[in-house]
Amino acid sequence: MAKHETKDKKVTVVGAGLVGTLEACFLAKRGYQVHLYEYRPDIRTLEHVPGRSINLAMSVRGRTGLKAVGLEDHVIKNHGIPMHSRMIHNTDGTTRAIPYNKDGQCIYSVGRRFVNEVLLNRAEEFPNLTIHFSHKLTSCRLQDGQASFLNTETGEEVNRKADVLIGCDGAYSNVRRAMMRQPFFNYNQTYIPHGYMELCIPATPEGEFVMPANYLHIWPRGQFMMIALPNQDCSWTVTLFMPFPIFESLTTQDQLLSFFQTNYPDAISLIGRDRLVKDFFANRALPMISVKCSPYHVGSTALLMGDAAHAMVPFYGQGMNCGMEDCVVLDELLEEYSDDLATVLPAYSAKRSPDAQAIVDLALYNYIEMRDLVNSRKFLFRKKLDDLLSSLMPKYWLPLYTMVTFTRHPYHVCIGRKSWQDKVLKRVLSMAGVLGVGAGVVLTKTDALHGLSSSFITRLSTILVKTWSTVTTAAATASLKN
Ligand code: FAD
Ligand code: EGU
């Protein structure tokens, strides 16, 4: 295919968040004339940035995106805090570490604002990329790449026409709203009953971490859950997840403290009693939305990426990672089809939507699963079972979070393997059950009749174990074939 000239092709990117800014860099690198529009003022000039979570877990998919624009080392090596294990906090104050990976792979806690600023600095280095802050998209015509913005500082209306308009304007996307008027555009959104609130565990007066730093700390409590990620300044950002009615039921200082005393006793002194009360009542719980839609494109002139295309609940730590991987996938297709947008945009929708839908589903599924994990024993059991099967059949069984977090296997492949694994697990468990009952019957009967020696019982159990593993392998092979 003939190479399409990019240097006189114009692109408008809406939203200079984590995904829009990265995508603008990718396109500028390919030679497009890029205009990036952002509703907020330049966050680099602000003291405090309002809005969502302060830090995020970054893994291989996000890193691949940063690497392509030369930022991986800066973000990960200089500013990322490695988390090689989870640390589970029980109600009785005991803790337990559960590593992510035997090969020492880890995830990184990065500051949202820091990553966004690093990306904006990189974006400004391209002569063919212009950033317009304080510009709010007010309307657009997707068929011809036309967009109107309100300059919130001057009150002026600004119009821009481009060859392609890319909506990276987040979970409540305006570009997506315009797409909803297109025939054959499918859309689905779900609010979960839980909200989240961010609290802070400060550093010690000496400026040190009050908990072991290289962990993702988790307080699993069924309906309630808390998670803490480390910050560069040795503080922790704690995120409390619980149903909105419970947030609303905590209206006084006493109610709040007794709730924490029951569920998170160790967190009271970590956060500090006064700070907990002050921050909890100064903040409000925020909602979490899950969005699926398709296709992501209109002709050769409009495209959705990042949360605008696939907002997900945060229970897999993949929203940003997936959005940054979007940029990598689009770049690969631009390369493959020589920047022919009329081919690339439909190809991108076809390739990316099954994967984005898979991770949106996995995140929701994990939200349900996390709700029944009450303590480290349960959490550990799930992980141990996964790890055991993975060591029994390393070729076929990779724990799901390992596939999602530490590989770039397409998400739909991860979910496919997960349902295969669930099927195998079901069969194996029911066969183990049948065998177990059989063994029990044999043992009690013969024992009652003859009073067997313990060496016989040992031999019998060896045989049972061998049978069990043969059946396991047979079940696995059989399922693999269908
Ligand atoms: P956004 O970051 O929302 O950026 C959109 C941008 O568009 C914003 O700057 C906004 O101002 C701008 N904009 C919106 N409307 C307009 C308009 N009309 N005109 C102009 N500009 C506009 N992901 C992870 O990978 N790891 C995690 O650990 C993780 N933890 C999370 C924890 C919580 C509590 C939440 C809520 C999310 C978490 N995520 C995590 C998900 C992650 O935050 C998002 O997936 C990511 O921010 C998406 O980036 P984006 O650029 O698509 O959207
Ligand atoms: C939630 C909120 C532990 C940051 C999912 C694990 C998350 C993050 C897990 C938030 C959990 C949950 C995984 C990672 C990560 C775990 C993961 C969740 C980062 C299955 C800033 N989740 N998160 N799973 O395995 O794969 O440790 O707000 F509690 S990182 Cl909910 Cl790997």
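One-based numbering, in listed order, for ligands and for the atoms of each. Heads up: numbering here begins at 1 and tracks the sequence.
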Can you list the atoms of ligand 1 that are under 4.0 Å from a heavy atom of Gly319?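 Within the 4.0 Å cut-off of Gly319, ligand 1 contributes 23 (N), 24 (C), 25 (O), 41 (C), 45 (O).
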Should one rank [options] by closest heavy-atom distance to [atom], which comes out on top?
atom                    : options                        : result
atom 37 (C) of ligand 1 : Pro314, Ser109, Ala16, Gly195  : Pro314
atom 52 (O) of ligand 1 : Thr138, Leu36, Thr239, Asp307  : Asp307
atom 12 (C) of ligand 1 : His135, Glu325, Glu23, Glu38   : Glu38
atom 12 (C) of ligand 2 : Phe406, Tyr401, Tyr196, Phe315 : Phe315
atom 11 (C) of ligand 2 : Met403, Met370, Arg86          : Met370
atom 50 (P) of ligand 1 : Leu286, Ile227, Val19          : Val19
atom 19 (C) of ligand 2 : Pro220, Ala57, Pro399          : Ala57

State if [X] counts as touching ligand 2 under the rule of any non-hydrogen atom under 4.0 Å.
X      : answer
Tyr367 : no
Val404 : no
Asn55  : yes
Phe241 : yes
Thr405 : yes

Test of understanding: given a 4.0 Å heavy-atom threshold, classify the contact between [X] and ligand 1 as side chain, backbone, both, or neither.
X      : result
Gln318 : backbone
Tyr196 : side chain
Asp169 : both
Ala311 : neither

Has ligand 2 got any nitrogen or oxygen that is less than 3.5 angstrom from a nitrogen or oxygen of Tyr100? yes
In sequence, state the C-alpha distance, the side-chain angles, and the governing distance for Arg44 and Glu117, and then conclude on salt bridge (Lys or Arg N to Asp or Glu O under 4.0 Å). CA-CA 6 Å; Arg44 293 168 298 181; Glu117 292 187 357; over 6 Å; no
Output yes when a side-chain donor or acceptor of Asp42 lies under 3.5 Å from a complementary backbone atom of Phe133, and no otherwise.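 Not a single qualifying donor-acceptor pair exists.
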Before we go on, tell me: are the rings of Trp236 and Phe209 under 6.0 Å apart, centre to centre?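 Between Phe209 and Trp236, which both carry aromatic rings, the centre distance is below 6.0 Å.
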More than 12 heavy atoms of other residues, nucleotides or ligands under 6.0 Å from CZ of Phe247: yes or no? yes
Thr237 and ligand 2 - part of the residue with a heavy-atom distance under 4.0 Å: neither
Would one find an N or O of Tyr39, backbone or side chain, under 3.5 Å from an N or O of ligand 1? yes
